[in-house]
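Single-structure report; data block below.
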Amino acid sequence: MASDTKMIEKKSKKVLEVRKLTKHFGGLAALNDVDLDVSESEILGIIGPNGAGKSTLFNIIAGFFPPTSGTVMFKGKELTGLRADQVAHQGIGRTFQASTLFKQFTVFDNVFNAFHMHYRQPPWKALLHTRAVRQEEGTMKQKAMEILNFTGLASQKDKLAENLSSGYQKILAISIALATNPKLLLLDEPVTTLSPHMVEAVMGLVTKVRDTGTTVLIIEHNMKAIMDYCDRIAVLAYGSKIAEGLPREIGENKEVVEAYLGVMG
Ligand code: ADP
Ligand code: MG
């Protein structure tokens, strides 16, 4: 099984290459010389204690802020230096640790707006109400419904986002991220605080997303979700990558258990 996985890894294309990534906040090294390679259609788990630098890694990949040094390559092109909206257009979607839904909007409108923000025509064109604009609106509505069907939210499309259960709010956040048609999806703690049943639902969806050819990076403290669903795991502690491997290897890694898993128990 393990050797099979390794063979698949060798054959598959690298989607993300992180090299010597370092981020200082004042005197604090939030990330320190981190290297990471992620392949096409892989689910990579990122674990580590609070303050390890996990969200900082996502923020740099997503162009939220620049690194102090180091590079991020996505599909062979340098991302470092691009703004967040430019990174999104390259095909990187993300969800945040804290929910960023429009809570007073319906489920449908949350996804539809995401399309709008990503694909909309220049405002002067929309003002003309041309047939092309109306057609584009129709296409975006259809695509928003396709996403809701895919993520299992279609039957709740007219509910206000604030009235969804916390698990379905996480699924809505993923639905919104899918509107940019990402080739790489960054999920920051998508199942933290959820019931075991909803953890399975969200991680099942993550697997389904991966099966469409999207690479997924997932930060999580829920060890069952990480161990059961990730192809590989990288472990961060104090800004450094201290281990990387198959779930079984990470579970048996003494340093990891001491630095992290032991503390969790
Ligand atoms: P994790 O997600 O692994 O819990 P973070 O990446 O959020 O860790 O944080 C790593 C370290 O960097 C922490 O000490 C945190 O306080 C600090 N940090 C994160 N973001 C900022 C910021 N925007 N400004 C200053 N310090 C930050
Ligand atoms: Mg975090």
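Ligands are counted one by one from 1 in listed order, and the atoms in each one are counted from 1 as well. Index from 1, following the sequence.
Outside the 6.0 Å centre-distance limit, the rings of F112 and F105 are not counted as a close aromatic pair.
The local environment of CZ in F150 is crowded, with over 12 non-hydrogen atoms from other residues, nucleotides or ligands closer than 6.0 Å. More than 12 heavy atoms of other shown residues, nucleotides or ligands fall within 6.0 angstrom of atom CZ in F96. Around atom NZ of K208, more than 12 heavy atoms belonging to other residues, nucleotides or ligands sit under 6.0 Å away.
Not a single N/O/S atom of T56, whether from backbone or side chain, sits less than 2.8 Å from the Mg ion (ligand 2).
Here D231 pairs with R210 in a salt bridge; the nearest charged N to carboxylate O distance falls below 4.0 Å. A salt bridge is defined here as a Lys NZ or Arg NE, NH1 or NH2 lying under 4.0 Å from an Asp or Glu carboxylate O, and R232 with D37 fails to meet this definition.
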Which pairs of nitrogen or oxygen atoms, taken one from ligand 1 and one from the protein, are under 3.5 angstrom apart?
| residue | atom | partner | partner atom | Å |
| --- | --- | --- | --- | --- |
| ligand 1 | 2 (O) | S55 | N | 2.9 |
| ligand 1 | 2 (O) | S55 | OG | 2.9 |
| ligand 1 | 3 (O) | A52 | N | 3.1 |
| ligand 1 | 3 (O) | G53 | N | 3.0 |
| ligand 1 | 3 (O) | K54 | N | 2.9 |
| ligand 1 | 3 (O) | K54 | NZ | 2.8 |
| ligand 1 | 4 (O) | G51 | N | 2.8 |
| ligand 1 | 6 (O) | S55 | N | 3.4 |
| ligand 1 | 6 (O) | T56 | N | 2.9 |
| ligand 1 | 6 (O) | T56 | OG1 | 2.6 |
| ligand 1 | 8 (O) | G53 | N | 3.3 |

